[in-house]
Participant: 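Before anything else, here's the structure in question.
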Amino acid sequence: MQIRADDVLIVVDVQNDFCPGGALAVPEGDAVIPAILEIAPKFEHVVLTQDWHPAGHGSFASSHQGRHPLETVTMAYGEQTLWPDHCVQGTWGAELHAELKLPQADLILRKGLRRDVDSYSAFFENDRVTPTGLEEYLRERGLRRAFFAGLAYDFCVGYSALDARRLGREAVVLREACRAIDARGSAAAMERRLREAGVVEMPSAL
Ligand code: VGL
Ligand code: ZN
């Protein structure tokens with residue numbers, strides 16, 4: 001696929017906590033890094049996202065008495081999966097992985113800042129209506145097709161790509177530059193949703 005000047009690569013949540021040794025380690029999470037470093041130079045525009053929660057965030061199982069990671073709770077906006085404490089603002093786990101050297105990136109977008117609303121998608125919080133500002137940013141800068149890589153395929157990458165389609169964008173997931181948490185079949189479920197939404201899946205080789 002020919003990359004154009006108005007394409008953007010969105011690198012989702014390649015942070016210490018999602019890599020081996022982190023609080024919410026995605027299997028082989030760090031394996032996305034060489035793949036991303038290989039494809040990023042083909043893009044004129046790169047945006048990085050960073051899961052960035054306050055301590056005591058509502059998506060943490062520890063914030064709900066007697067509840068455990070991967071259980072679900074009902075929040076004001078609907079069902080929310082619970083996670084171990086992760087990507088707490090200012091901690092090592094929240095830092096972008098040191099090997100993800102992308103100094104050319106246009107923007108680092110932080111999400112999940114509000115205690116009572118999680119944000120998987122880079123575009124909207126989990127209430128599906130509160131914007132993160134990314135759509136406005138891309139529009140103002142004239143960026144159109146969105147390519148996705150990073151962590152985790154079945155959560156933040158997948159929901160970001162679904163929202164890009166919902167916003168009328170072409171969306172491409174670079175599958176080999178992603179890894180999944182795959183809790184209870186979530187990777188296969190996301191693959192189906194992406195296909196139904198018209199998201200294109202490609203290997204990372206562009
Ligand atoms: C993510 C679960 C909780 C992700 C973030 O980046 O996919 N997953 N927070
Ligand atoms: Zn999170």
Participant: Around Arg128, counting heavy atoms of other residues, nucleotides and ligands shown, do more than 12 lie under 6.0 Å from its CZ?
Facilitator: no
Participant: Rounded to the nearest 0.5 Å, what separates atom CZ in Arg175 from atom CD in Glu201?
Facilitator: 6.0 Å
Participant: What I'd like to find out is whether the side chain of Phe155 reaches to under 4.5 Å of the side chain of Phe18, using heavy atoms alone.
Facilitator: no
Participant: Quick one, Phe123 and Arg166 - any side-chain contact, counting heavy atoms below 4.5 Å?
Facilitator: no
Participant: Do Leu162 and Tyr120 have side chains that approach each other closer than 4.5 Å (heavy atoms only, starting at C-beta)?
Facilitator: no
Participant: What do you reckon, is CZ of Arg144 surrounded by more than 12 foreign heavy atoms closer than 6.0 Å?
Facilitator: no
Participant: Mind listing the side-chain donor-acceptor pairs of residues 89-101 below 3.5 Å, one per line with the distance, residues two or more places apart or on another chain?
Facilitator:
residue	atom	partner	partner atom	Å
Gln89	NE2	Trp52	O	3.2
Thr91	OG1	Val88	O	2.6
His97	ND1	Glu99	N	3.0

Participant: Can you measure from CG (Leu102) to CG (Leu48) and round to the nearest 0.5 angstrom?
Facilitator: 5.5 Å
Participant: Report yes if some heavy atom in the side chain of Asp118 is under 4.5 Å from a heavy atom in the side chain of Trp83; otherwise report no.
Facilitator: yes
Participant: In terms of side-chain geometry, is the basic nitrogen of Glu136 or Arg139 positioned less than 4.0 Å from the acidic oxygen of its partner?
Facilitator: yes
Participant: Counting C-beta onward and ignoring hydrogens, is there a side-chain heavy-atom pair between Lys111 and Asp13 closer than 4.5 Å?
Facilitator: yes
Participant: Is it the case that one hydrophobic cluster holds both Leu151 and Val172, taking links as side-chain heavy atoms less than 4.5 Å apart, direct or via other members?
Facilitator: yes
Participant: Excluding sequence neighbours, so at least two apart, what forms side-chain contact (heavy atoms from CB on, under 4.5 Å) with Val73?
Facilitator: His64, Arg67, Met75, Gln80, Leu82
Participant: Within a radius of less than 6.0 Å around CG of Leu70, do more than 12 heavy atoms belonging to other residues, nucleotides or ligands occur?
Facilitator: yes
Participant: Please tell me if the side chains of Val32 and Val11 come closer than 4.5 Å, counting only heavy atoms from C-beta onward.
Facilitator: no
Participant: Output every pair passing ring-ring contact (aromatic ring centres under 6.0 Å, His included) with a member in residues 179-198, not counting sequence neighbours, ordered by first then second residue.
Facilitator: none
